[in-house]
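Position 1 is the first residue of the sequence, and the numbers go up from there. Just so you know, ligand 1 is whichever comes first in the structure, and atom 1 is the first atom listed for that ligand.
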Amino acid sequence: MNYINYLSIFFWVLITGLILYFAWRYRNGNKEVGPSHNTALEITWTVIPTILVISIFVWGFKTYMTLSRAPGDAMDVYVTGQKWSWSFEYPEHGVRTTNELVVPVNQPVRLVMQSSDVIHSMWLPAFRNKMDVLPGRTTTVWFEATEEGTFRFYCTEYCGDAHWNMKGDVKVVSAEAFHEWIEENSKEDTTTPLPELGAKLFQSKACFTCHTTDGTPSIGPTLKGVFGHTVELADGKTVEADEDYLRESILQPGAKIVKGFAPTMPSFQGQLSERELNGLIEYIKSLK
Ligand code: CUA
């Protein structure tokens with residue numbers, strides 16, 4: 001960048017300076033006639049810029065290859081973009097998170113990304129990195145964080161109502177803290193009481209992006225007071241909101257669409273254990 005910048009400044013000064021000088025020297029009224037042809041000069045001003053342009057290409061191409069190909073020891077994290085959250089899966093550890101990417105410091109990390117619906121785009125401004133996330137195609141992006149801390153990432157491709165809220169944090173931690181975190185998250189939570197577990201999942205799975213718990217309408221229906229009540233569906237039928245209905249709506253959201261809402265919710269099939277599912281149902285029940 002600096003190389004191109006300084007080259008540009010040098011030639012800008014040189015060319016503008018010569019224009020001004022010649023404009024003055026051959027001004028109207030000066031009878032002096034300038035030289036018309038100089039082969040040595042023409043070869044020089046062709047060869048030197050050619051070499052400079054080739055050097056920009058070689059340097060730029062090397063940098064491009066470094067940016068686009070992760071080092072061999074990079075840690076893979078699978079990323080799925082969906083309306084409207086990001087999920088991360090650590091293949092070697094069986095850990096899965098939503099809107100939170102935890103990585104060790106000084107460790108190359110490769111994100112293997114795909115979308116389950118529309119085009120999203122992963123933007124990690126602190127790491128100067130950005131890559132589209134597409135349905136039906138895998139894209140990758142890699143980075144190596146050199147400092148511990150919390151950094152934002154965003155979806156930077158307009159993908160619908162809650163595009164603005166499709167964001168999260170990269171937490172860069174020490175290698176020891178990372179292993180502790182993996183340890184903690186790879187075993188199933190069997191002790192937290194169900195409604196509390198559900199409340200946690202409601203945050204960590206980003207359910208709040210579309211559902212409120214206080215009665216205000218959002219992209220999806222509010223969950224306040226839904227349990228035990230009759231729900232009007234888009235096809236004109238009604239359904240009693242019991243455990244079975246809640247379970248179905250989490251696993252197959254398209255099965256029964258609530259009147260007045262679009263069928264945009266992704267399926268959570270395979271993303272929740274039985275206990276987690278019960279936790280969410282208990283949590284929704286508690287929203288009286
Ligand atoms: Cu996903 Cu914008």
Side-chain angles (χ1 to χ4, degrees), residues 67-68 70 74-91 95-103 109-145 149-172 185 200-214 216-223 234 249-255 257-258 260-272 276 280:
L67 278 176
S68 54
M75 176 179 93
D76 277 352
V77 179
Y78 283 81
V79 181
T80 306
Q82 62 180 34
K83 294 192 282 183
W84 288 277
S85 64
W86 297 99
S87 63
F88 300 96
E89 195 157 358
Y90 297 75
V95 173
R96 187 181 184 126
T97 62
T98 303
N99 289 350
E100 185 190 50
L101 175 61
V102 179
V103 297
V109 176
R110 190 169 78 118
L111 304 181
V112 183
M113 308 190 291
Q114 48 113 6
S115 164
S116 58
D117 39 48
V118 299
I119 302 176
H120 304 276
S121 189
M122 169 56 80
W123 185 32
L124 301 144
F127 306 152
R128 306 291 188 273
N129 244 338
K130 187 187 215 174
M131 181 56 75
D132 273 4
V133 178
L134 311 160
R137 198 202 295 180
T138 305
T139 53
T140 62
V141 70
W142 80 275
F143 62 83
E144 182 176 338
T150 301
F151 308 92
R152 277 299 215 184
F153 61 80
Y154 304 87
C155 176
T156 181
E157 180 74 47
Y158 181 69
C159 55
D161 286 6
H163 156 72
W164 65 278
N165 205 18
M166 198 173 155
K167 57 190 190 308
D169 289 323
V170 189
K171 292 192 177 130
V172 183
N185 282 272
K200 267 201 207 165
L201 287 165
F202 193 77
Q203 293 301 316
S204 67
K205 296 284 173 190
C207 312
F208 64 87
T209 312
C210 302
H211 297 286
T212 65
T213 55
D214 62 359
T216 27
S218 180
I219 293 157
T222 184
L223 300 179
S249 296
I250 295 168
L251 299 180
Q252 286 116 35
I257 300 298
V258 180
F261 293 94
T264 50
M265 178 167 158
S267 165
F268 285 82
Q269 189 93 54
Q271 299 190 28
L272 298 161
E276 290 175 325
L280 276 171

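Atoms of the protein (N, O or S only) found under 2.8 Å from atom 1 (Cu) of ligand 1 are His120 ND1, Cys155 SG, Cys159 SG, Met166 SD.
Checked by atom type, the side-chain pair Thr222/Thr212 shows a donor-acceptor distance below 3.5 Å.
One N or O on the side chain of His163 and one on the backbone of Glu157 form a donor-acceptor pair closer than 3.5 Å.
Listed here is the closest heavy atom pair of Gln82 and Pro266: NE2-CG, 3.1 Å.
Two residues are said to be in side-chain contact when any heavy atoms from C-beta on lie closer than 4.5 Å; Val102 and Asn185 fail this criterion.
Shown here is Lys167, whose NZ atom has more than 12 heavy atoms of other residues, nucleotides or ligands within 6.0 Å.
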Fill in: Worked check of side-chain contact (heavy atoms from CB on, under 4.5 Å) between Lys83 and Met166
CA-CA 8 Å; Lys83 294 192 282 183; Met166 198 173 155; over 6 Å; no
